[in-house]
Visitor: 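Below are the structure tokens for one structure; questions will follow.
What's counted below: heavy atoms across the whole structure, side chains too, no hydrogens, waters or symmetry copies. All chains are named by letter (A, B, ...) in the order of the sequence lines, taking the proteins before the strands, and each is independently numbered beginning at 1. For clarity, every value in this text was computed on a predicted model and none was experimentally measured.
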Amino acid sequence: MHFDSQYFIELFASGLTKGSIYALIALGYTMVYGIVGLINFAHGEIYMIGAFVFFLASSLLTVLGLPMWAMICIATAASIFWAGGYGYTVEKIAYKPLRNAPRLSPLISAIGMSVFLQNYVMLGQTEKYLGFPEVIPEFDFLEPFASTFSSSDFVIWVTTVIVMLILTWIIKFTRTGKAMRATAQDRTMAELVGINVNQIISATFIIGSALAAVGGILISSHTGSIHYYIGFIAGIKAFTAAVLGGIGSIPGAVLGGLVLGMAESFATGYFSSAYEDVFAFSLLVLILIFRPAGLLGRAETEKV
Amino acid sequence: MSEPILQVQNLTMDFGGIRALNKLDITVHSGEIAALIGPNGAGKTTFFNCVTGIYKPTAGDVFLTPGKGEKPVSIKGLKPNIVTGKGLSRTFQNIRLFPKMTVLENVMIGRHCRTKTFILGAIFRPPRARREEREILLHSYRLLEKVGLAAFANDFAENLSYGAQRRLEIARALATEPHLLLLDEPAAGMNPQETEDLNALIREIAAEGLAVLLIEHDMKLVMSLSQRIFVVDYGSKIAEGTPKEIRSNPAVIKAYLGE
Amino acid sequence: MITAKDIRRILLVSGWFMILTLPILGMRVDPLSDNILWRLKNVMWVGLGTVVLQSLPHLWHLYLYLQAGMIRLWHHLMGTPPHKIVEKTAHRDSLINRVITNPRQRAILCAVVLTLTIIYPQVVNEYQINIMIMAFLYIMLGLGLNIVVGMAGLLDLGFVAFYAVGAYTYALLNLHYGINFWMALPLGGIFAGIFGLLLGFPILRLRGDYLAIVTLGFGEIIRVILENWIELTHGVAGIVNIPGPTFFGLGLTPSQKILYLYYLMVLFVVITIFVVNRLQDSRLGRAWLALREDEIACQAMGIDKRRTKLAAFSLGAFWAGIAGVVFAAQNRSVYPVSFSFLESAMILSIVVLGGMGSIVGVILGALILILLPEYLRELSQYRMLFFGAILVLMMIFRPQGLISVVRRKYDIDSIKAEEKEGGA
């Protein structure tokens, strides 16, 4: 078979885009897992809610007649605010009371929260697909690459890189970030040295949710539609990415997201697009069986 | 001297870059009570975990004689349940009972590896399965009587007192019909009377032909019970001998009292 | 008592929830004009609802306080010394558990329930019978999942995949080879059980939360395959015209067929209860329970972790497969959409609501969750919302479920008597 390099580059670009989004959502999983050891099943729903809030806010602002750039800024801020708010509240309601419960309890609670939020949005909004506004303009300077990738691909890459840099800065240099790392290593010890662990856990949920909201806006604008179910699939895939990279590890989440996005893009491009989700799930099953610690994670040993 | 039941040779265990056990050689003979002592963090529990298959040792070998007159077999790296099946059973330093099961059921779990009934047997209950179930029940109940917990048979294990929980762990371990019993700090948290009863219980167990290896910090108990004592410090064996020899061993005194 | 601080807190929380729900419940975009439709009434309801919910504990305290005051007043007026109010903290088994642990009462209860079940289709119409058949199906599924989640403590979120395997086994074997219900019944179970073994073998060594995600992924894989492997499964169009169960080759009228299916389901449920009950008090059942409590201690006691878990996992899968065959026969058609994750979540809700590990609890859970939305039609669109909320609320307020598990109490005297016989 003749190797079509143009096609290969297209798949690479779309894999990079998908991977960036997975990475953004996976960060939320991995940060929460690192600190409270919980798979926040409802994280995908936060991403979906972020996209819905952006959709509603931008519609409102368009009706009010605001210019495009102001609309995007305000709607993004609204989306981040509400996504963060939902993340914070979900933690307070569904996980905080279960911090010392048997391991399965918070997981079941998380699944319940996920089902609840999905149906909450379905009942509150609609069960139909909604057209999402195209908020990313066509950039002239990308004209030569138009056949390979679109401006929205480009914006997604750039935004992801910027968000990652900001996150790295927060975690490495701010007080909150340092407290987060301390809490992730040893919660009891962190508490003893005067870190307000509850506050740190809340902050983690809020930051993770904000990242998910950004991911939600970007991908919805890219695909042009939203639906109450998008969070579920994206959530599982992002979780796959987090596990692939090694859950609990922040660079791992980014790497995992990119690897998963690429793998999916090439698999659908060269085999069949109908089984896109099957590739991701099979990959998840395989990693967990053969390398449960992930690419960058460390294996845990239970103390007896 | 009688035949060896447990032969540990050159046992080494590394965690990352830390050497928890360093070339340990320990031999326990059948029918004897031996003790493993040493300061906190010396690697005693790690030794138990390596021998029982919970950890995979980095190097060295472990041989167990799975019955009278049989040849020793290597149990290094075998899964814990296989090791138990070969006749080595243990208790845990931080009690690991099944809290939401009854006291009797806890002991019945110990009979698992000596019985066979599986899915179909459980559903259709042929005479063989019924007999087996009755055997499990009677055997377990007798063990409860032996450790003095028969009166609590139907209580939840979590409702027992600390000392009683430790005795229940011993009963559960005995239910697996071991040739060698490893006891990890059986007297921890017990009052003097309970310790006294434990002393008698361990003697009774040994009198029935079981070998016992215990980790213990209560020196009075160790000195009164054991025929042979191993002392470890920083993962290495620093002394071995009878209680009398150990008491006057300068290396041991140094390890315990410091320079 | 309610202090000013409490009131401030209540108002703050309610205000927060109103802000939170403002976009999703309070706004909607009119798809035709792109205008915003404001629905602030919804948000007001949320505010009011959260105020009421938060006040409930305070009102309860107020009630207790007033009650105590009244009693004191009463004694004061009557001149009798006031009794101390003794709090009921002592642990007592619930009524239902006291009944089922007493052999005679249990026999009576079973007889009464069975009689009612047998009479039921004679006094209600076909629609009601059909609903009951569905409830029975969910009892079967719930008890099957109960083996895996409740007894062995393995959170299986892809249970519906095995249900799908059973349903499609019957549908396809019937379509291509004309195999009837009775032949398909064991085959569906066995196929699903084999799937369970194949999946369980690699994944059962995973930690609990990873296991949950992998099973969920597996459930989705099966559904996507059913939707896309059109040559085999006809995709979303599904497979239709599946015959119902045959009755010794006799032709039955439609209403007889429903009755027949009903009694068949009763039989299946009775068999399921019998099997699960026997498993619970067996060597294997005890091992499952112990494994749920402490894996390391279990292994140290000689239990083969892998084999024991695999038994639970594949037995649960087998049961789901049987239920799948029944489902296909009852609906006369199968579609991939019937086997989504939400179905797994629903079965899990049944088990969690009823009480993990408790047979009576699971039956009760299935009846409540299946029958309630059927009879409260206007609520049926909220059913998944409700199921999600149940999972969260049960974990927080009553993790043991409506009916907590009782462990079997052995008759010590008879053991002693036997021992004397054996010892003599």
Visitor: So which part of B:Glu145 gets closer than 4.5 Å to some heavy atom of chain C, the side chain, the backbone, both or neither?
Guide: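 When you check distances to chain C, only side chain atoms of B:Glu145 fall under 4.5 Å.
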Visitor: Quick check for you: to the nearest 0.5 Å, what is the distance between B:Arg111 atom CZ and C:Met301 atom CE?
Guide: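 Answer rounded to 0.5 Å: 12.5 Å.
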Visitor: Just give me the residue among C:Arg286, C:Arg307, C:Gln299 that pairs up with chain B most often, heavy atom to heavy atom, under 4.5 Å.
Guide: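 Greatest number of close heavy-atom pairs with chain B: C:Arg286.
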Visitor: Around B:Lys86, counting heavy atoms of other residues, nucleotides and ligands shown, do more than 12 lie under 6.0 Å from its NZ?
Guide: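 No, not enclosed.
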Visitor: Which atoms of B:Thr52 are under 4.5 Å from chain C, going by heavy atoms: the side chain, the backbone, both sets, or neither?
Guide: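 Answer is neither: B:Thr52 stays 4.5 Å or more from chain C.
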Visitor: So with a 6.0 Å cut-off around NZ of B:Lys100, is the heavy-atom count from everything else above 12?
Guide: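 Counting other residues, nucleotides and ligands, NZ of B:Lys100 stays at 12 neighbours or fewer.
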Visitor: So, taking the atom named CZ in B:Phe98 and the one named CZ in C:Arg292, what distance separates them when rounded to the nearest 0.5 Å?
Guide: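 These two atoms lie 12.5 Å from each other.
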Visitor: Has C:Phe201 got more than 12 heavy atoms of other residues, nucleotides or ligands less than 6.0 Å from its CZ?
Guide: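 No.
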Visitor: Compare every heavy atom of B:Ile119 with every heavy atom of C:Ala311, then report the nearest pair and how far apart it is.
Guide: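 Closest heavy-atom pair between C:Ala311 and B:Ile119: CB-CD1, 4.0 Å.
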Visitor: Select one option (side chain, backbone, both, neither) describing which atoms of B:Ile136 are under 4.5 Å from chain C's heavy atoms.
Guide: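 Side chain only.
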Visitor: Working to the nearest 0.5 angstrom, can you tell me the gap between B:Arg125 CZ and C:Asp281 CG?
Guide: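 Atom-to-atom, B:Arg125:CZ and C:Asp281:CG are 6.5 Å apart.
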Visitor: Count the heavy atoms of every other residue, nucleotide or ligand shown that sit under 6.0 Å from CZ of C:Phe195, and state whether that count exceeds 12.
Guide: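 No.
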Visitor: Which region of B:Pro178, side chain (C-beta onward) or backbone (N, CA, C, O), has a non-hydrogen atom less than 4.5 Å from a non-hydrogen atom of chain C, or is it both or neither?
Guide: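 Nothing of B:Pro178, per the 4.5 Å heavy-atom cut-off to chain C.
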Visitor: So with a 6.0 Å cut-off around CZ of B:Arg134, is the heavy-atom count from everything else above 12?
Guide: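 No, the 6.0 Å shell around CZ holds no more than 12 heavy atoms from other groups.
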Visitor: C:Gly302 and B:His112: which non-hydrogen atoms are nearest, and at how many Å?
Guide: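 Taking every non-hydrogen atom into account, O-CD2, 4.2 Å.
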Visitor: Please determine, among B:Glu169, B:Lys79, B:Met108, the option with the most heavy-atom pairs under 4.5 Å with chain C.
Guide: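 Counting heavy-atom pairs under 4.5 Å, the top option is B:Met108.
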Visitor: Strictly by modelled atom types, are C:Arg283 and B:Thr117 linked by a side-chain donor-acceptor pair under 3.5 Å?
Guide: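 On atom types as modelled, these side chains do not qualify, holding no pair under 3.5 Å.
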Visitor: Using a cut-off of 6.0 Å, state whether more than 12 heavy atoms not belonging to B:Phe152 lie near its atom CZ.
Guide: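 Result for CZ/B:Phe152: open.
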Visitor: Given that the side chain runs from C-beta out, which part of B:Arg114 has a heavy atom under 4.5 Å from chain C: side chain, backbone, both or neither?
Guide: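 Neither part.
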Visitor: Find the one option among B:Thr115, B:Leu138, B:Thr176 whose heavy-atom pairs under 4.5 Å with chain C are most numerous.
Guide: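 Of the candidates given, the most pairs with chain C belong to B:Thr115.
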Visitor: Under the side chain to side chain contact (heavy atoms under 4.5 Å, CB included) test against B:Ile109, which residue among C:Leu289, C:Ile303, C:Leu291 passes?
Guide: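 The side chain to side chain contact (heavy atoms under 4.5 Å, CB included) with B:Ile109 is passed solely by C:Ile303 among C:Leu289, C:Ile303, C:Leu291.
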Visitor: Checking side chain to side chain contact (heavy atoms under 4.5 Å, CB included) against B:Ile123, which of C:Ile271, C:Leu279, C:Leu284 comes through?
Guide: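 The side chain to side chain contact (heavy atoms under 4.5 Å, CB included) with B:Ile123 is passed solely by C:Leu279 among C:Ile271, C:Leu279, C:Leu284.
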Visitor: Among B:Ala173, B:Pro99, B:Gly110, B:Ser89, which residue has the highest count of heavy-atom pairs closer than 4.5 Å to chain C?
Guide: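 The residue among B:Ala173, B:Pro99, B:Gly110, B:Ser89 with the greatest pair count is B:Pro99.
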Visitor: Pick whichever of B:Thr102, B:Asn106, B:Asp155, B:Leu137 has the most heavy-atom pairs under 4.5 Å with chain C.
Guide: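 Winner by heavy-atom pair count: B:Leu137.
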